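Below is one structure, written out as structure tokens, with a few remarks after it.
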Amino acid sequence: MTDSTNNSLEARPLDFIRQIISEDLRSGKHQQIVTRFPPEPNGFLHIGHAKSICLNFGIGLEHGSPCHLRFDDTNPSKEESAYVESIKKDVQWLGFDWGENLFYASDYFDRLYDCAIQLIKMGKAYVCELSADEIRAYRGTLTEPGQESPYRDRTIGENLDLFEQMKNGACAEGSKVLRAKIDMSSPNLNMRDPVLYRILHVAHHRTGDKWSIYPMYDFTHSISDAIEGITHSLCTLEFEDHRPLYNWFLDTLQTDCHPRQIEFARLNLTYTVMSKRKILQLVQGDYVKGWDDPRMLTISGLRRRGYRASAIRKFCADIGIGKKESWIDMSVLENAARDDLNESAPRVMAVLNPLKVIIDNYPPDQIEELEAQNHPQRPELGSRRLPFTRELYIEREDFMEEPAKKFFRLGPDREVRLRYGYFIRCVSVVKDAATGEITEIHCTYDPETRGGSAPDGRKVKGTIHWVSALHAIQCPVRIYDRLFVTANPDADKNIDFKDHLNPQSLTILENCMLEPMLAKAQAGEQFQFERQGYFCTDLIDSKPGAPVFNRTVTLKDSWINT
RNA sequence: UGGGGUGUCGCCAAGCGGUAAGGCACCGGGUUUUGAUCCCGGCAUUCGUAGGUUCGAUUCCUUCCACCCCAGCCA
């Protein structure tokens, strides 16, 4: 099994980035490669980040080369150390290891400052006192060139002096910025004298109040990559326009290392939103219960939902890497979870919506123990014993008083198999006189069919799950569904994406009846509830002896589609 | 109307001048004490468009079309 998994992985063709890397190694351009995952600690990681993590760390694993984890912490007004911790936890949980290579852009603030001084001395940077609005106005438009700032031709000495003042906290926020002197008429707006440093009188979660100026992304990122000896700097498509600027910094400063920036398409998934801004709105507006709400496609939400890291890695491998703006169907993610859990999750019986069954001809005080396999395809996972008694619960959906045409389950005078139990036949139905609701059904069992097969060879169309009423444990099960009802919640700019929220994304079932061994389930343990889906005990809300279950994903169901 | 990108099956995605891999989804059939899994089979004479080069083009050239990104002192 492991072999076939490896083979299929090896058989997978290389994506365009891995092709470039292979060629760089083959040609001798690089002896070793170094990649990096550079998150900004301003939120939790989500499935889109997982794509980048699997790419960067995956390449590292494939080549026995390092992949750095570097926090791009240059905007203290939005960043927190709590996010740093959650990001480290999630990357680790996904199964990746940065080893000694944990870095922060803020560690480079001194060197970045030196680079800025260097640019000023080269006449390639200047202190500009235009306001933010003026800078925008001077930048020009997409079709018209910009105008040069009146401060553009200050002397080097003047610039040095003013930048020093900015650094010392002598200037008000917004009063000055340091800008690169490139080309105000460049068709690429990023080259129109981009801002390098802005004044921010904000304490930084790592450097405290040492700085009152903070470097901007483009400047910081390119130099940080060079400092760390990154060979391939992988980022998403929207940075394509920034590549000339990335290169300009490294060329102008003549750094020893000049990484190659390569852009790939970010992940879009149907029935969800991926932007941090929107995810933050869902959290802060209490549309979900926190960053790790199991409906969220954050790494922590998926973990709580019951996804294993291996499922997320498989998903990332399945979707590939390209430059085309793509929308991956949610079913691909769900399928990755099923595939992964099908192999590993022990099978168990759980009745979500109980209907009492009384077996009239079963001795009232008798308790039998019936053997059930933990995983029919993997006998090495062993078996367990299930108590069988006169009163049971079955799934309400498994009984129809007037069975539909292809309904294989229980109905009046119909016989079905209780999984690992007996064949039972329904003999009568009891209803609530007032509501007409079925309150219990009476059946008879065939003692000859113990274990589930008939000596006379007769067949039965359906096998249903059950649980002994006397022994079942009652506990809540949370049924999660997709968070949005439309495939692309933010397709229409005139409609708030939150209007597409699925009101049924969470249903809490309070009196589910589960087989007794589940009382001992450990937090985070995954199971297959036979014929229902994959479920796990909630990491947060489960108490010892009182588990709370979350539905990770349903089983495929060809009946429901008929 | 400036610049940068992208267009191969419903959704992803291989293909790198020699006659369209694979996954998801879907549809058949088989096995099955989970209507699950598993197993077989089907699923683009066609690669955004129109031309050109070539014995031969999804792959090279040109035209046009469509879509995405860029005017933060965010990343």
Side-chain angles (χ1 to χ4, degrees), chain A residues 8 11-15 19 38-40 42 72 74-75 77-78 128 130-132 135-137 139-146 173-179 186-192 194-200 214 216-218 220-221 235-244 263 265 270 276-277 317-336 338-339 342-343 347 349 372-373 375-377 406-409 417-421 423 449 451-453 460-465 487 528-533 554-562:
Chain A
S8 65
R12 217 186 288 271
L14 296 183
D15 57 69
Q19 285 180 31
E40 181 188 14
N42 67 345
D72 224 329
T74 58
N75 186 356
S77 62
K78 289 185 179 172
C128 180
L130 252 21
S131 70
I135 286 182
R136 188 180 317 117
R139 187 153 32 223
T141 69
L142 295 176
T143 52
E144 296 163 309
E173 280 190 20
S175 63
K176 296 179 184 59
V177 290
L178 182 73
R179 291 227 252 170
S186 170
N188 181 344
L189 304 224
N190 293 119
M191 301 300 273
R192 319 242 263 227
V195 172
L196 266 32
Y197 270 91
R198 77 287 216 186
I199 298 165
L200 243 34
Y214 291 94
M216 299 289 289
Y217 166 82
D218 291 296
T220 306
H221 202 80
C235 62
T236 44
L237 255 27
E238 65 270 30
F239 293 105
E240 218 148 17
D241 285 343
H242 295 238
R243 190 172 357 114
E263 310 83 13
T270 56
K276 273 192 189 178
R277 206 193 99 250
D318 281 351
I319 58 175
I321 298 291
K323 296 197 68 163
K324 186 169 70 172
E325 166 125 347
S326 63
W327 282 88
I328 306 294
D329 198 277
M330 184 67 95
S331 67
V332 180
L333 213 211
E334 294 170 341
N335 178 263
R338 286 191 191 101
D339 249 30
N342 175 46
E343 252 183 69
R347 271 101 243 239
M349 292 210 274
Q373 300 216 262
H375 192 129
Q377 281 76 45
K406 296 279 270 284
F407 188 76
F408 300 151
R409 287 107 94 158
R417 169 167 40 233
L418 293 177
R419 173 141 242 233
Y420 301 123
F423 284 12
T449 58
S453 50
V460 95
K461 279 292 252 184
T463 299
I464 64 175
H465 58 280
Q528 184 198 91
F529 287 3
E530 291 209 30
R531 305 207 305 129
Q532 309 263 24
T554 62
L555 249 28
K556 280 189 198 161
D557 187 350
S558 53
W559 159 245
I560 205 168
N561 295 323
T562 57

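Residue numbering restarts at 1 for every chain, and letters A, B, ... go by the order of the sequence lines. Just so you know, these numbers come straight off a predicted model, no measurement behind them.
- Residues A:Val195 and A:Arg179 meet the side-chain proximity criterion, which asks for heavy atoms closer than 4.5 Å.
- Looking at heavy-atom distances under 4.0 Å, A:Arg192 makes no contact with the nucleic acid at all.
- Counting only heavy atoms from C-beta outward, the side chains of A:Leu237 and A:Glu325 never approach each other to under 4.5 Å.
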Could I get a table of every N or O pair under 3.5 Å where one atom is in the protein and the other is in nucleotides 1-5 of chain B?
from : atom 1 : to       : atom 2 : distance (Å)
B:G2 : N9     : A:Leu142 : O      : 3.2
B:G2 : N2     : A:Pro187 : O      : 3.4
B:G2 : N3     : A:Leu142 : O      : 2.9
B:G3 : N2     : A:Asp241 : OD1    : 3.4
B:G3 : N2     : A:Asp241 : OD2    : 2.8
B:G4 : O2'    : A:Asp241 : OD1    : 3.4
B:G5 : O2'    : A:Glu240 : OE1    : 3.4

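- Nucleotides B:C47 and B:C40 place their P atoms 31 Å apart, quoted to the nearest Å.
- A:Leu333 has its side chain out of reach of A:Ile328: every pair of non-hydrogen atoms, C-beta onward, lies at least 4.5 Å apart.
- With rounding to whole Å, A:Trp327 atom CH2 is found 18 Å from B:G7 atom P.
- The separation between A:Ile319 atom CD1 and B:A25 atom C1' is 16 Å, rounded to whole Å.
- With a cut-off of 3.5 Å on both pairing distances, the Watson-Crick or G-U wobble partner of B:C64 is B:G48.
- Under 4.0 angstrom from either OP1 or OP2 of B:G35 there lies no side-chain N or O belonging to A:Arg417.
- Put simply, CD on A:Gln532 is 15 Å from P on B:U37, counting in whole angstrom units.
- Here, B:A25 and B:C43 have their C1' atoms 11 Å apart, quoted to the whole Å.
- Checking B:U37, B:G72, B:U34 against the side-chain heavy atoms of A:Thr463 singles out B:U34 as nearest.
- The phosphate of B:A13 has OP1 or OP2 within less than 4.0 Å of a side-chain N or O from A:Lys324.
- Considering A:Glu530, A:Arg531, A:Arg417 in turn, A:Arg417 is the only one that fulfils the side-chain contact (heavy atoms from CB on, under 4.5 Å) rule with A:Thr463.
- Side chain of A:Asn342, nearest nucleotide from B:C73, B:U37, B:U34: B:U37.
- Spacing of C1' atoms, B:A13 relative to B:G72, comes out at 35 Å, to the nearest Å.
- By the criterion of a centre-to-centre distance under 5.5 Å and near-parallel planes under 30°, the ring of A:Trp559 forms a stack with the base of B:G35.
- Picking from B:G35, B:U34, B:A71 the nucleotide with the shortest atom distance to the side chain of A:Phe407 gives B:G35.
- Going from atom CD1 of A:Ile321 over to atom P of B:G15 covers 14 Å, rounded to whole Å.
- Looking at residues two or more places apart in sequence or on another chain, you find a ring pair (Phe, Tyr, Trp, His ring centres under 6.0 Å) between A:Phe529 and A:Phe535, A:Phe549.
- Pair check for B:G28 finds B:C40; Watson-Crick or G-U wobble, both atom distances under 3.5 Å.
- Within the 4.0 Å cut-off from OP1 or OP2 of B:C11, not a single side-chain nitrogen or oxygen of A:Ser326 is found.
- Of the side-chain N and O atoms in A:Lys276, none sit less than 4.0 angstrom from OP1 or OP2 of B:C74.
- Spacing between atom CD of A:Glu40 and atom P of B:G72 amounts to 18 Å, rounded to whole angstrom units.
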task: If a protein heavy atom is under 4.0 Å from the base, mark B; if only from the sugar-phosphate, S; if neither, -; do that for nucleotides 16-23 of chain B going 5' to 3'.
output: B----B--
Under 3.5 Å, N/O pairs linking protein and nucleotides 46-49 of chain B:
none

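- Residues A:Asp241 and A:Leu189 are not in side-chain contact: their nearest non-hydrogen atoms beyond the backbone lie 4.5 Å or more apart.
- With sequence neighbours excluded, no residue forms a ring pair (Phe, Tyr, Trp, His ring centres under 6.0 Å) with A:His465.
- Taking only side-chain nitrogens and oxygens, A:Arg277 never comes nearer than 4.0 Å to OP1 or OP2 of B:A75.
- With C1' as the reference atom, B:G35 and B:G30 are 15 Å apart, rounded to whole Å.
- Side-chain to base pairing of A:Arg531 with B:G35: no donor and acceptor N or O lie closer than 3.5 Å to each other.
- With sequence neighbours left out, A:Thr554 forms a side-chain contact (heavy atoms from CB on, under 4.5 Å) with A:Arg338, A:Arg551.
- Residue A:Val177 places its side chain closer to B:C73 than to any other of B:C12, B:C73, B:G35.
- Mapping A:Asn42 and A:Ser331 onto RNA chain B by nearest heavy atom places A:Ser331 at the nucleotide closer to the 5' end.
- Of the nucleotides present, none pairs with B:C74 by Watson-Crick or G-U wobble criteria with both distances under 3.5 Å.
- Taking every heavy atom of both residues into account, A:Arg192 and A:Glu144 meet most closely at NH2-O, 2.7 Å.
- Rounded to whole Å, atom C1' of B:A75 lies 15 Å from atom CD of A:Glu263.
- The side-chain heavy atoms of A:Phe407 and A:Lys461, taken from C-beta on, include no pair separated by under 4.5 Å.
- A 4.5 Å side-chain heavy-atom check between A:Thr449 and A:Val460 finds every atom pair outside the cut-off.
- Side-chain atoms of A:Ser331 and A:Asp329 form a donor-acceptor pair, as typed in the model, at a separation below 3.5 Å.
- Residue contacts for A:Ser131: at a heavy-atom cut-off of 4.0 Å it reaches a base atom on one of the strands shown.
- Computed from coordinates, the A:Gln528 CD to B:A36 P distance equals 11 Å when rounded to whole Å.
- Side-chain contact between A:Asp557 and A:Leu555 is absent, with no heavy atoms from C-beta onward closer than 4.5 Å.
- Put simply, A:Arg198 has a side-chain N or O that comes within less than 4.0 Å of OP1 or OP2 on B:A75.
- B:G22 sits 23 Å from B:G48 when the C1' atoms are compared, rounded to a whole Å.
- Under 4.0 Å is where a charged nitrogen must lie from a carboxylate oxygen, and between A:Lys276 and A:Glu40 no such pair does.
- Base orientation of B:G72: syn, the glycosidic angle falling within 90° of 0.
- Taking the charged nitrogens against the carboxylate oxygens, A:Lys323 and A:Asp15 have no contact shorter than 4.0 Å, which rules out a salt bridge.
- Considering only side-chain atoms of A:Lys78, the nucleotide from B:C73, B:U34, B:C74 that sits closest is B:C74.
- Distance noted for atom C1' between B:U53 and B:C61: 7 Å (whole Å).
- For the OP1/OP2 pair of B:C24 and a distance below 4.0 Å, the side-chain nitrogens and oxygens of A:Arg338 include no atom meeting the criterion.
- B:U8 and B:C12 are spaced 12 Å apart, taking the C1' atom of each and rounding to whole Å.
- Nucleotides B:U19 and B:A44 are separated by 15 Å at their C1' atoms, to the nearest Å.
- Look at CZ on A:Phe408: it is 14 Å from C1' on B:A36, rounded to the nearest Å.
- Among the heavy atoms of the strands lying under 4.0 Å from A:Ile135 is at least one base atom, whether or not backbone atoms are also near.
- Counting heavy atoms from C-beta outward, A:Pro244 and A:Met191 have side chains that approach closer than 4.5 Å.
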